[in-house]
Structure formats: C-alpha cells, structure tokens
Visitor: 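Submitted below is the structure of interest, expressed as structure tokens.
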Amino acid sequence: QGVVVAMNAPQNYVVLRIIDGFPLPARKPTDGTLVLPFHADGSMIPSRMDTASSVEDLGERFVRAYLTQGLMLAEPDRSVAPVGVGDVLVFAPRIDVDIASKGCSGMVFDGITLFASSHMGIVETDGGGGNAYRGCRIIRRPRTARFIACNADGFHSYLMKAGPTLENCEISYTCDDCVNIHGFLDLVSRAEDPTHLLILTPMGMNFGQGSALTFYRHEDLEGSGTAHVTTLEKVTDEAEMKAALSMERELRCRSLPERLLWRVTLDAPVAAQRHALVASPEGPCGDGFALRRCYFHDNNARGVLTEASNGAIEDSRFERTGSSGILLSPDLFWIEGPMPRNLAIRRNTFVECNRQLDSRTAYSHMAASICCVVYMHGGQLSGAAVAGRILIEGNTITRPGAAGIFLGNARDCDVRGNVITDPMFFPRLGNGKDFVGEEVSGGIYIASARDIRLSGNKIAVGTPAVCQPIVLGPKVDRQTITIGP
C-alpha cells in the first residue's frame, strides 16, 4: 500500500510512498496484479480499476508505478473526488489460495476468519459438494492499516456437483467478487453430422453417457437443439485437437487448459455447428446452493456471481459493491455456465451497489443491483431468453448506482413486493447503452425477456423525467409481460 505523492495522468504513472510495514511492489508485477484506489480513511474510491505494468524503486520507500490504462487518473469520477495526492493505492498480486478443498463433500467450515488472502480466500472444486460454511468471515484485520482482506474472490465454488451453503458469513474488501459459484460450458469443435459431434471440454468433464445436452449458437445464444449422449470416445488425433484449441483464438476467450476432445453420438439430431456452446444441466455447477443471512460489502466487483440453478439467496445484506450485488450471468469469455434457472432471491437488502465506474459505462452488462443477463464478450445483448423460473421477491434496494433490477435473457419469472428507492443514484455514464442498445434506466428494467410477471413493487424515483419506475427495453415479448398493482 502506498500514499500518492505525485501523479502524471498523460504518462499513466503515480509516485507513491510505501506505507511502513508493507513491502515494495514487484518491479515487474505479475499478470493480474490489480491496483485499487482508496481514500486515506480506508474507504474504497469507486473509480476505474487498473493493473500495474511496471514499478521503479526511487529509494527511501518511494516508487514510481506505471498503470496499464491510467483511467483512474485521467477520468474523474463525478460521484466522488477523483484519485489524487493523499489517496492510497493498493497493489493486489494473485499468489495463493488460503483455504482450498478438492474432491470433498459434506464438509463443515465453522467460525473461520481470514484477515489477509493473497489470492482467493476460500475455494472448493471437483467434488460432490454440499459443503457448509457457517459464521465464516473475510475481513480486514481490526486495528491495522490494511485496506483489503483478499486479493481476488472471497469465496469461489466451481465444478461442484452440489452447491455450497453459506450462513451468517461476512465477506468484504475483496479485490474481485465476494462469492462466485459456477460450472463451465463446452464447445463444439466440429459437427460430423447432426448426431455425431466433436466436443471440447475445456475445464473437465461436464457430461457422460446418458447426459442431456443443450446446444446454443455462440453468436446469439439461439437454441440449436437438445439430445442425449448415447456414446462418447476420447479423440487423440493431433489435427483434430489443434483445430479444437484454435477456438481459443477465434472466440477470443480464456485459455482452454484441459485439452479434452470427445467424439459424441447423440440420440437425436441437432443443428449445432462449430463454436456452439454446450450446456449440461447434470454437470457439476453448484446446483442447490444457498446463501442465507450473509453480509457482503465493500468490494471491487460483484457481491454474488452465479450461473448455478435450484438455489436461493435470502435475508442477506449487500453494501457498496463495485458492480451488481447479485449477478446471474453465463460468461462467454470465461466459458462459465450453464444457464441459471429455478432461483429465489428473497428478502435481501442492497445499499449503493454499482458504485464502480466500469459497472455504469455504456458497455457494461451489470447495470443493476440485481441483474440477470448473459455476457456476450464484446457482442450486444442477445435476444434469447435462456435463464428462467427466477423469483425476485421482497428485496429492499436503496440508492443503486444504476437500475434496481435488470431482468434480461429470461423467461417465466416473478418480480414482486420489492422496494426500490432512488434508482440511478450515481452519475449516469452510459449504463449499458452500447451493450443493450439503449441506456438501462428505471427502477426495474426488462429486456430480451418473455413471460415476466411484476406485482406489488414500490419504486420511488428521484427524478421521474430521467428515470421511470418500470421500463420495457428491447427484445421484449410485450404481450407476455404482466405489470400488476
């Protein structure tokens, strides 16, 4: 951690005095080393996040740090004071996870407190799941000068057959999501014919013989059919594998590390072609998760991000999250999925979520405290309604930075009894205009959706001329939207 003593926005650098007790940052920071701004009192500045490209040691515990983009210096935040002399920058390299369980099920973690994690705080993966976390905390150590508690996600669950239960937990001051629960999507490398496909499983096996697979076109998420696996065999041909791995470059997505390619025979024809996404509801993705009576606050990204199904987020509190308090969003860059369905979001409290600038720009897909949408990785909002049967009920949303609720890419959902006060509270910076096709505004915003029922919601807008209580955006089947008293 270092105090800003000088800054040069045109050249993207700051001069820092490293605070006593903290190490000097590496001269060549590792990839992914975030740089986050804070006020001297320890409150996070909702500015632009950045990374460090290089650091020069000036002696006497002073350094010159070059920022990759320098946006926190060049683009003032109109809702708070911009980053300036006297503020504090924190360097957060990702080194190692504190608590990790692999291949576990039925575990109980009770009353654990983490004060400083150099990567993700708690991770569970590759197991039967059903683990419970009770009264666990990720917080800054009291009575110290530490401004963060965790350099990445606070809690991360992936490739778990059954989802976790978090009860009475507090996760805060993380440099990424407080909670992330997900599985992965697979990719079609080649269709030999409508019932014989070569499928790449980039992050491990999501299906087996007898599994139901649903296929989606990568470019717009339109369905390409559903069928069951009758046989599968591993493909070792080098040319086929090379063609499959080239999808990483073609799709500009994350690395595809597992390098497993399968020749799959289906019991029915599908229209899937190269690049098609493959979702298996039977795959390990954290289904049945439950978050109850938890407190998520003061972080750099989402409060909770999940693509899992059959879960519940209830009676929890979200304060000052960088972007959405809750985001339900398959991600086409990280190839995370599958599609969230059968979820209940009930009786939660949200205060000043969507503080960070990146969550309110024109290209943002997270422009609401509670948000359901598919991230298209550079593309615009799809018209496909792939999420479904989501209940959003009895939540209190106060001073959201953008909309209160954004329900997109969804069908057969109920939004009822929510209280939303002062939506669009922070300055408008585009709020998803380039992604959605128009600015996301309103207490409740609906897009790319059908069969949505709204009732009993109380919305108090600060400036009606700028923000309407309920807005039906593009790609909505308006005849299937019911708005009750």
Side-chain angles (χ1 to χ4, degrees), residues 31-32 102-103 125-126 156 158-161 180 182-286 307-308 329-339 374-379 382 384 386 409:
D31 291 342
K102 186 172 184 178
T125 186
D126 295 309
H156 196 110
Y158 68 103
L159 292 176
M160 299 294 286
K161 186 65 177 176
N180 191 346
H182 65 91
F184 290 95
L185 299 165
D186 298 318
L187 294 166
V188 173
S189 177
R190 184 165 67 88
E192 296 178 323
D193 61 51
T195 59
H196 295 84
L197 307 178
L198 299 188
I199 298 178
L200 182 71
T201 56
M203 296 299 292
M205 284 302 294
N206 286 320
F207 59 86
Q209 187 171 355
S211 294
L213 301 181
T214 300
F215 298 84
Y216 302 90
R217 289 194 313 222
H218 187 277
E219 60 269 26
D220 57 13
L221 292 180
E222 291 297 332
S224 300
T226 298
H228 290 80
V229 177
T230 57
T231 64
L232 71 161
E233 60 176 322
K234 190 174 182 179
V235 176
T236 58
D237 181 82
E238 291 185 5
E240 291 286 8
M241 179 60 70
K242 182 178 180 180
L245 294 177
S246 68
M247 290 191 290
E248 178 183 326
R249 180 186 69 254
E250 295 163 2
L251 299 176
R252 297 181 296 113
C253 65
R254 62 161 299 155
S255 62
L256 307 175
E258 291 294 332
R259 300 171 181 265
L260 296 176
L261 183 64
W262 305 90
R263 177 173 281 105
V264 177
T265 302
L266 303 174
D267 67 351
V270 297
Q273 299 297 319
R274 182 171 173 82
H275 297 164
L277 299 163
V278 187
S280 174
E282 303 161 21
C285 58
E307 297 92 29
S329 180
D331 191 312
L332 299 198
F333 173 78
W334 292 106
I335 318 295
E336 292 178 356
M339 307 297 172
V374 177
Y375 176 52
M376 297 299 291
H377 182 39
S382 161
V386 293
N409 298 121

Visitor: Partners of F215 by ring-ring contact (aromatic ring centres under 6.0 Å, His included), sequence neighbours excluded?
Guide: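 Partners of F215 by the ring-ring contact (aromatic ring centres under 6.0 Å, His included) criterion come out as none, since no residue qualifies.
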
Visitor: Would you call the rings of H182 and Y158 parallel, tilted or perpendicular, taking 30° and 60° as the class edges?
Guide: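 Taking Y158 first and then H182, their aromatic rings lie parallel (interplane angle under 30°).
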
Visitor: Could you list the residues that satisfy side chain to side chain donor-acceptor pair (under 3.5 Å) with N409, not counting sequence neighbours?
Guide: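 Side chain to side chain donor-acceptor pair (under 3.5 Å) check on N409 returns nothing, list empty.
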
Visitor: The criterion is ring-ring contact (aromatic ring centres under 6.0 Å, His included); which residues satisfy it with H377, sequence neighbours excluded?
Guide: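 H377 satisfies ring-ring contact (aromatic ring centres under 6.0 Å, His included) with F333 once adjacent residues are dropped.
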
Visitor: For the backbone of H228 and the side chain of D267, can you confirm whether one donor and one acceptor N or O come within less than 3.5 Å of each other?
Guide: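 Indeed, once roles are kept as given, a pair shorter than 3.5 Å links the two residues.
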
Visitor: Got R254 and M203 here, is their nearest side-chain heavy-atom distance under 4.5 Å?
Guide: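 Yes, close enough: below the 4.5 Å cut-off.
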
Visitor: Just to verify, what does F207 make a ring-ring contact (aromatic ring centres under 6.0 Å, His included) with, not counting sequence neighbours?
Guide: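 Once residues adjacent in sequence are excluded, F207 has no partner under the ring-ring contact (aromatic ring centres under 6.0 Å, His included) criterion.
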
Visitor: For a 4.5 angstrom cut-off between non-hydrogen side-chain atoms, does T265 reach L232?
Guide: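 Of all side-chain heavy-atom pairs linking L232 with T265, none is under 4.5 Å.
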
Visitor: Which heavy atom of G208 sits nearest to which heavy atom of V229, and what is that distance?
Guide: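 That would be O-CB, 3.5 Å.
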
Visitor: Is there any salt bridge (charged side-chain N to carboxylate O under 4.0 Å, His left out) pair reaching into residues 238-247, and which pairs are they, with sequence neighbours excluded?
Guide: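 Residue pairs passing salt bridge (charged side-chain N to carboxylate O under 4.0 Å, His left out), neighbours aside: R190-E240.
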
Visitor: State the CG-CG distance between D186 and L277, to the nearest 0.5 angstrom.
Guide: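 Between atom CG of D186 and atom CG of L277 there are 9.5 Å.
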
Visitor: Taking only residues at least two apart or on different chains, which pairs with a member in residues 208-229 satisfy salt bridge (charged side-chain N to carboxylate O under 4.0 Å, His left out)?
Guide: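 Only R217-E219, R217-D220 qualify under salt bridge (charged side-chain N to carboxylate O under 4.0 Å, His left out).
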
Visitor: Taking side chain to side chain donor-acceptor pair (under 3.5 Å) as the test, write out the residues that go with R263, two or more places apart.
Guide: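 In terms of side chain to side chain donor-acceptor pair (under 3.5 Å), with neighbours along the sequence ignored, R263 is linked to E192.
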
Visitor: Any side-chain heavy atom of W262 sitting closer than 4.5 Å to one from V235?
Guide: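 No; the side chains remain at least 4.5 Å from each other.
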
Visitor: Please list, chain by chain and in numerical order, all residues satisfying side chain to side chain donor-acceptor pair (under 3.5 Å) with S211, sequence neighbours excluded.
Guide: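 Expected list: E282.
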
Visitor: How many angstroms lie between CG in N206 and CG in L260, if you round to the nearest 0.5 Å?
Guide: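 Nearest 0.5 Å value for the CG-CG distance: 10.5 Å.
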
Visitor: For residues L159 and T125, report the shortest heavy-atom separation together with the two atoms involved.
Guide: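 The answer is CB-OG1, 4.1 Å.
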
Visitor: Suppose we screen for side chain to side chain contact (heavy atoms under 4.5 Å, CB included). Which residues come up paired with P330, at least two apart in sequence or across chains?
Guide: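 Expected list: E307, M339, P340, V374.
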
Visitor: Using a 3.5 Å distance criterion without hydrogens, assess whether the side chain of D126 forms a donor-acceptor pair with backbone atoms of M160.
Guide: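 Absent.
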
Visitor: Check side chain to side chain contact (heavy atoms under 4.5 Å, CB included) between T195 and all other residues, then give those that pass, not counting sequence neighbours.
Guide: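 T195: side chain to side chain contact (heavy atoms under 4.5 Å, CB included) contacts with D193, P269.
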
Visitor: Return the minimal non-hydrogen interatomic distance between A279 and Y216, and the atom names on each side.
Guide: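 The answer is CB-CE1, 3.9 Å.
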
Visitor: Answer whether the closest heavy-atom distance between the side chains of V270 and L197 falls below 4.5 Å.
Guide: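 They are in side-chain contact.
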
Visitor: When you compare the side chain of V188 with that of V278, does any pair of heavy atoms fall below 4.5 Å?
Guide: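 Of all side-chain heavy-atom pairs linking V188 with V278, at least one is under 4.5 Å.
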
Visitor: State, yes or no, whether a side-chain contact exists between E336 and L185 at a heavy-atom distance under 4.5 Å.
Guide: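 They are not in contact (no side-chain heavy atoms under 4.5 Å apart), so the answer is no.
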
Visitor: Quick check: do L251 and H275 have side-chain heavy atoms less than 4.5 Å from each other?
Guide: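 Yes - at least one pair of side-chain heavy atoms lies under 4.5 Å apart.
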
Visitor: Which heavy-atom pair separates L213 from S280 by the least distance, and what is that distance?
Guide: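 Closest approach of L213 to S280, heavy atoms only: CD2-CB, 3.8 Å.
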
Visitor: Could you check M247, M241, R249 and say which one makes a side-chain contact (heavy atoms from CB on, under 4.5 Å) with L245?
Guide: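 Checked M247, M241, R249 against L245; only one passes side-chain contact (heavy atoms from CB on, under 4.5 Å): M241.
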
Visitor: Could you tell me whether the side chains of T214 and T226 share a donor-acceptor contact shorter than 3.5 Å?
Guide: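 Result is yes, a qualifying pair exists.
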
Visitor: According to side chain to side chain contact (heavy atoms under 4.5 Å, CB included), who are the partners of S255, at least two apart in sequence or on a separate chain?
Guide: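 Expected list: E248, P257.
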
Visitor: If every non-hydrogen atom of C253 is compared with every non-hydrogen atom of I335, which pair is closest and at what distance?
Guide: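 It is CB-CD1, 3.9 Å.
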
Visitor: Please name all residues satisfying side chain to side chain donor-acceptor pair (under 3.5 Å) with R274, sequence neighbours left out, ordered by chain then number.
Guide: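 Side chain to side chain donor-acceptor pair (under 3.5 Å) check on R274 returns S189, S246, E250.
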
Visitor: For S382 versus A384, what's the shortest heavy-atom pair and its separation?
Guide: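 Heavy atoms only, the tightest pair is OG-N, 2.9 Å.
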
